[in-house]
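Note that ligands are numbered from 1 as they come in the structure, with each ligand's atoms numbered from 1 the same way. The structure displayed is predicted, hence computed values, not measured ones.
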Amino acid sequence: MDESRKTFLRNLPKIDEVILLLEKSGIYDWAAREIVTETCRNVVQNLRETIIEAKEKDLPKLSLDAASVVSEVEQTIKGFYRYHLVKVINATGVILHTNLGRAPLCPEALQRILEVGRGYSNLEFDLAAGERGQRYDHVSSLICALTGSEDALIVNNNAAAVLLVLNTLSEGKESIVSRGELIEIGGEFRIPEIMSKSGSILCEVGTTNRTRLADYENAISPATGLILKVHTSNFRIVGFTEEAEIIPLVALGKKHAIPVMDDLGSGCLIDLDNYGLQHEPTVRDVLSAGVDVVTFSGDKLLGGPQAGIIAGKKEILSQIKKNPLNRALRIDKFTLAALEATLMQYLRPASVTRKLRPLQALTEPVAAVKKRARKLMGKLQKANLEPLEFVLHEDFAVAGGGSLPTQKIPSVLVGIKNKKMPASRMEEKLRKIEVPIIVRVDKDEILIDLRTVAEDEFGFIVEGLRQVLSN
Ligand SMILES: *Cc1c(COP(=O)(O)O)cnc(C)c1O
């Protein structure tokens, strides 16, 4: 190491010295001793590493005096008092945006979380019998009523649901899957990998674009534990394609006494055809075709909290319930409370698309989106936000979250131009304000897609733009 670098290292403030300065400034009035000591250590250690790694010419630019270290420690500790998981405005037009928390909850679900979380609840207590009950019982009969299932079980998310079913029905045995359905969902969920973690052996059949019933039939052997269908959630193969229909597949399973599972991914409970959207089989459709067990998410098209729902035949569900892995994947009371309230909305089909925001966003007529876009535009024009300019655009929103992958949903957007700042810089600044606004960027404009922005969020957009212009 060169001499100048060594000198910089030697001259770094001593931790005790920094701590003394902080103590004098009264830091222990608002911060705990251990956190102060540890933060000092980390800050000084980071500086040490920076000195070692920095280019020679950058060394003199570093702030290495005790006052700078003190200020950085204070800033770091103040950061612990700020919430990091925060509300954002989703102006992207991606309705079920996995990075932005997928489905927003309905007011009833939020109300139930408060009610159940505030005090004690009968989470695992059977009030009628006065004895221990099962947490799933609060929602399983509702799920059965809404899907025609015989029984149901809820776990943490759909990935957990798939893992649990594969492990229960096919551990040490083969699961037959079409090569066209060996999918990856964002966030490292891949069918071959989850299968291997479940202890089941992947038996792939057919080709990427064509898999026939005979391919499944030829693969059946005494080692077969399961026939698995997977919804190709986030892509479509078009052109020269073929897949085995569910009804003959169910018959094949019956003939050989092998259970048939369908990982539906999104798990739609209403008929989307009625809203001019692409056909998506409902959970009821799939179960009535005779599939033994289905799995689907709580926070995709269903519009509720993150959860994985397993529904199907009673004897299969009872095997799954006995699996010790179930205990490791179980959901908490807040999820259950929110899920119950979300599912209840489906009891009134006439109002469910208004009540659940993802369904509302998917099915809202474009004329209503346009009306809201005009309203936002008017508000922005009146807000004295020079030098911004506003234009209306027609474009498309998408469902996102691995749902309805090829569906383009007509939408209306407000484009915002700033002559004094590149759009990419505006986008970045909008991400870093108190209530961040996540936008799309197109050339020299940022775009606010009104399909995912509600009227009661307009104030945040006006305020956010004001903040961005003022600093
Ligand atoms: C989304 C999805 C999953 C994973 O569901 P999570 O709820 O995100 O865990 C699994 N399988 C399919 C087919 C999916 O679409």
Side-chain angles (χ1 to χ4, degrees), residues 94-105 139 143 152-167 169-170 175 177-198 200 202 204 211 226-237 243 246 260-269 272 278-283 285-287 291 293-312 325-326 328-332 334-336 338-339 342-343 358 362 398-407:
V94 182
I95 296 169
L96 295 164
H97 199 305
T98 298
N99 303 143
L100 304 183
R102 287 195 189 154
L105 296 178
V139 292
I143 292 171
L153 177 67
I154 328 291
V155 288
N156 238 316
N157 52 26
N158 191 35
V162 173
L163 177 75
L164 181 60
V165 178
L166 289 176
N167 178 266
L169 300 181
S170 195
S175 299
V177 194
S178 160
R179 289 199 169 88
E181 297 173 1
L182 293 175
I183 57 159
E184 170 175 325
I185 307 292
E188 285 86 59
F189 178 89
R190 293 173 144 196
I191 290 293
E193 285 166 17
I194 206 93
M195 172 108 34
S196 130
K197 286 290 173 197
S198 77
S200 178
L202 174 63
E204 41 184 288
T211 303
L226 183 72
I227 294 172
L228 171 62
K229 283 274 303 164
V230 185
H231 191 294
T232 57
S233 302
N234 45 9
F235 69 100
R236 283 275 183 282
I237 296 180
E243 66 174 314
I246 201 76
V260 177
M261 163 181 176
D262 196 341
D263 174 18
L264 290 173
S266 226
C268 188
L269 297 187
L272 293 178
Q278 80 191 41
H279 180 72
E280 177 72 23
T282 63
V283 177
D285 290 341
V286 176
L287 286 172
V291 167
V293 58
V294 298
T295 55
F296 54 97
S297 285
D299 55 349
K300 292 187 181 173
L301 283 179
L302 188 87
Q306 179 190 303
I309 299 168
I310 306 172
L325 201 51
N326 184 19
L329 304 174
R330 80 177 186 189
I331 49 162
D332 68 313
F334 307 115
T335 308
L336 263 173
L339 185 62
T342 305
L343 289 167
L362 268 175
V398 293
S403 309
L404 315 176
T406 52
Q407 179 76 56

Give the atoms of ligand 1, by number and element, whose distance to some non-hydrogen atom of A159 is under 4.0 Å. 4 (C), 5 (O), 6 (P), 9 (O)
Please work out, at 4.0 Å between heavy atoms, whether the side chain, the backbone, both, or neither of I185 comes within that distance of ligand 1. side chain
Just to be sure I read this right, does ligand 1 sit under 4.0 Å from the backbone of T98, its side chain, both, or neither, counting only heavy atoms? neither
How does Q306 reach ligand 1, by side chain, by backbone, by both or by neither, if only non-hydrogen atoms under 4.0 Å count? neither
Using a 4.5 Å cut-off on heavy atoms from C-beta on, say whether the side chain of V283 contacts that of I309. no
Nitrogen or oxygen atoms of S297 and ligand 1 under 3.5 Å apart: yes
Are any of the side-chain heavy atoms of V155 and L163 separated by less than 4.5 Å? no
In the protein, what heavy atom is nearest to atom 11 (N) of ligand 1, and what distance, to one decimal place, separates them? D263 OD2, 2.6 Å
Just wondering, do L301 and L362 contact through their side chains at under 4.5 Å, heavy atoms? yes
Distance filter under 4.0 Å to H231 heavy atoms, resulting ligand 1 atoms: 13 (C)
of all protein heavy atoms, closest to atom 15 (O) of ligand 1 is S233 OG, 2.4 Å
With the side chain counted from C-beta on, respond yes when E204 and V177 share a heavy-atom pair under 4.5 Å apart, and no when they do not. no
Any donor-acceptor pair under 3.5 Å linking the side-chain atoms of E280 with those of S266? no
Looking at R102, which atoms of ligand 1 are within less than 4.0 Å of one of its heavy atoms? 6 (P), 7 (O), 8 (O)
Could you tell me which atoms of ligand 1, counted from 1 in the order shown, lie closer than 4.0 angstrom to a heavy atom of I183? 13 (C)
Do me a favour and list the nearest non-hydrogen protein atom to atom 5 (O) of ligand 1 with residue, atom name and distance? N158 CB, 3.0 Å
Would a 4.5 Å heavy-atom cut-off, applied to side chains only, mark L166 and S175 as touching? yes
Heavy atoms, side chains only, cut-off 4.5 Å: are S178 and E243 in contact? no
Does L343 reach the side chain of L302, with side-chain heavy atoms less than 4.5 Å apart? yes
If you scan protein heavy atoms around atom 14 (C) of ligand 1, the nearest is K300 NZ, 3.0 Å
Taken to the nearest 0.5 Å, the spacing of L96 CG from S403 OG works out to 5.0 Å
Please check whether D299 reaches ligand 1 - meaning an N/O of the residue sits under 3.5 Å from an N/O of the ligand, judged on distance alone. no
